[in-house]
Student: 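Please read through the structure below; I'll follow up with questions.
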Amino acid sequence: MGMVVEAEAYAGPEDRASHARFGPRSRATTMFGAPGRAYVYGVYGMHTCLNVVTGPAGLAAAILIRSVVPIEGIGSMRAARLARAIATRRMAAANPHAEHARIACLPAALVAAGPANLAAAFDVQLADDGLDLLDPASPLRLEAGSLDGTTRAIIAAARIGVAYAGPGWVDRPWRFVATQAPTPSPDKLA
DNA sequence: AGTTGGATGGTCT
DNA sequence: GACCATCCAACTG
């Protein structure tokens, strides 16, 4: 359990950065469906990323969850990170002990920071694509909440890793970061 | 502190 | 056959 502190908005087919641009018959089929569902995709052969379809159905808009600050169950998140690393990275599989140590030393704020790390921490798999995140019985859920006292401000910035999108889409400030201490997604904050 | 390149496989042209 | 909505380790200076 944790609090979402970083997310990116992706619009429908007109958004040159969105997977929806490949149409409803692509891997992004779920984006065109009902809102409140999980759109999960794989990238770089070893990572999965979690989106929330915002709908309404047919619009194909979704939110990429980039970072979560753990509130509860950090131990399971670290364990899931380790399991995912061993399953995907040969280097980690070669010496799991070193990988275990690395993850164990990770600051709590970084355990679920970054879209692929977050997916690993919550054990989000490709098979979870289409999951109803609003169903109380779902193993993976999205619940409404309020920002806690640690949030200082919410910054809007350009989306990450979408250089291929044309002008007008690359710089669109659709990335939102709830600035905390320490800052999430240490890679690129801008 | 910032930059570069390797891992690794499904998806799209 | 090229390209990734990424992460990490190994460089440079």
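Keep in mind it's a predicted model, so treat the numbers as computed, not measured.
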Student: Any base atoms under 4.0 Å from Arg84(A), or only sugar-phosphate, or nothing? Heavy atoms, all strands.
Tutor: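 Since no nucleic acid heavy atom lies under 4.0 Å of Arg84(A), the category is nothing.
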Student: Who passes side chain to side chain donor-acceptor pair (under 3.5 Å) against Ser76(A), sequence neighbours left out?
Tutor: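 Here no residue qualifies.
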Student: In the hydrophobic cluster built from side-chain contacts under 4.5 Å, what are the other members alongside Ile86(A)?
Tutor: Leu82(A), Ile103(A)
Student: Remaining members of Leu134(A)'s ILVMFWY cluster at a side-chain heavy-atom cut-off under 4.5 Å?
Tutor: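 Result for Leu134(A) is none, singleton.
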Student: Can you sort out the partners of Thr30(A) under side chain to side chain donor-acceptor pair (under 3.5 Å), two or more places apart, ordered by chain and number?
Tutor: Asp129(A)
Student: How many Å lie between CD on Glu99(A) and P on dC7(C), as a whole number?
Tutor: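 Computing the Glu99(A):CD to dC7(C):P distance gives 14 Å.
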Student: How about Glu6(A) and Val4(A): do any of their side-chain heavy atoms sit closer than 4.5 Å?
Tutor: no
Student: Whole angstroms only, please: what is the CG-C1' distance between Asn95(A) and dA9(C)?
Tutor: 13 Å
Student: Give the table of side-chain donor-acceptor pairs shorter than 3.5 Å for residues 160-173 of chain A, with sequence neighbours excluded, one pair per line with atom names and distance.
Tutor:
from, atom 1, to, atom 2, distance (Å)
Tyr164(A), OH, Ala17(A), O, 2.9
Arg172(A), NE, Gly168(A), O, 2.9
Arg172(A), NH2, Gly168(A), O, 3.1

Student: Pick the nucleotide of DNA chain C nearest each of Leu64(A) and Leu106(A); which residue has the one closer to the 5' end?
Tutor: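 Checking each residue's closest nucleotide, the 5'-ward one belongs to Leu64(A).
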Student: Could you tell me how far apart Glu6(A) (CD) and dA5(C) (C1') are, to the nearest whole angstrom?
Tutor: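 That distance rounds to 12 Å.
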Student: Apply side chain to side chain donor-acceptor pair (under 3.5 Å) to Asp15(A) and list each qualifying residue two or more places apart in sequence or on a separate chain.
Tutor: Arg159(A)
Student: Under 4.0 Å, heavy atoms only, any strand: does Asn51(A) hit a base, just the sugar-phosphate, or nothing?
Tutor: base
Student: Enumerate the residue pairs fulfilling side-chain hydrogen bond (donor to acceptor under 3.5 Å, both in side chains) with a member in residues 42-52 of chain A, sequence neighbours excluded, ordered by first and then second residue.
Tutor: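 Pairs touching residues 42-52 of chain A that pass the test: Thr48(A)-Arg84(A).
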Student: Going by an N to O cut-off under 4.0 Å, is there a salt bridge joining Arg89(A) and Glu99(A)?
Tutor: yes
Student: Taking only N/O atoms, report every protein-nucleotides 10-13 of chain B pair under 3.5 Å with atom names and distance.
Tutor:
from, atom 1, to, atom 2, distance (Å)
dC12(B), OP1, Arg27(A), N, 3.0

Student: Got a sec, which pairs hit salt bridge (Lys or Arg N to Asp or Glu O under 4.0 Å) with one end in residues 104-114 of chain A, sequence neighbours left out?
Tutor: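 Listed by first then second residue: nothing to list.
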Student: Separation of Arg159(A) atom CZ from dA5(C) atom P, in whole Å?
Tutor: 11 Å
Student: Between C1' on dC8(C) and CZ on Arg81(A), what's the gap in Å once rounded to a whole number?
Tutor: 10 Å
Student: Same cluster for Tyr41(A) and Leu118(A) if Ile/Leu/Val/Met/Phe/Trp/Tyr side chains link at under 4.5 Å?
Tutor: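 No: no chain of side-chain contacts under 4.5 Å links Tyr41(A) to Leu118(A).
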Student: Any chance you could encode DNA chain B as dot-bracket? Rule is Watson-Crick or G-U wobble with both distances under 3.5 Å; [ ] for pairs crossing earlier ones, | for another strand.
Tutor: |||||||.||||.
Student: Rounded off to whole Å, could you give me the CG-to-C1' distance for the Asn117(A) and dT6(C) pair?
Tutor: 8 Å
Student: Polar-atom pairs under 3.5 Å, protein N or O versus N or O of nucleotides 2-7 of chain B: list them with distances, or write none.
Tutor:
none

Student: Would you say a side-chain N or O of Arg66(A) is under 4.0 Å from OP1 or OP2 of dT6(C)?
Tutor: yes
Student: List in chain and number order the residues that pass side chain to side chain donor-acceptor pair (under 3.5 Å) with Glu143(A), two or more places apart in sequence or in another chain; answer none if no residue qualifies.
Tutor: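 Glu143(A) satisfies side chain to side chain donor-acceptor pair (under 3.5 Å) with Arg141(A) only.
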Student: To the nearest Å, give me how far apart CD1 (Ile160(A)) and C1' (dT6(C)) are.
Tutor: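 Rounded to the whole Å, the gap is 10 Å.
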Student: Find the distance Arg175(A):CZ to dT6(C):C1' and express it as a whole number of Å.
Tutor: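 Result: 13 Å.
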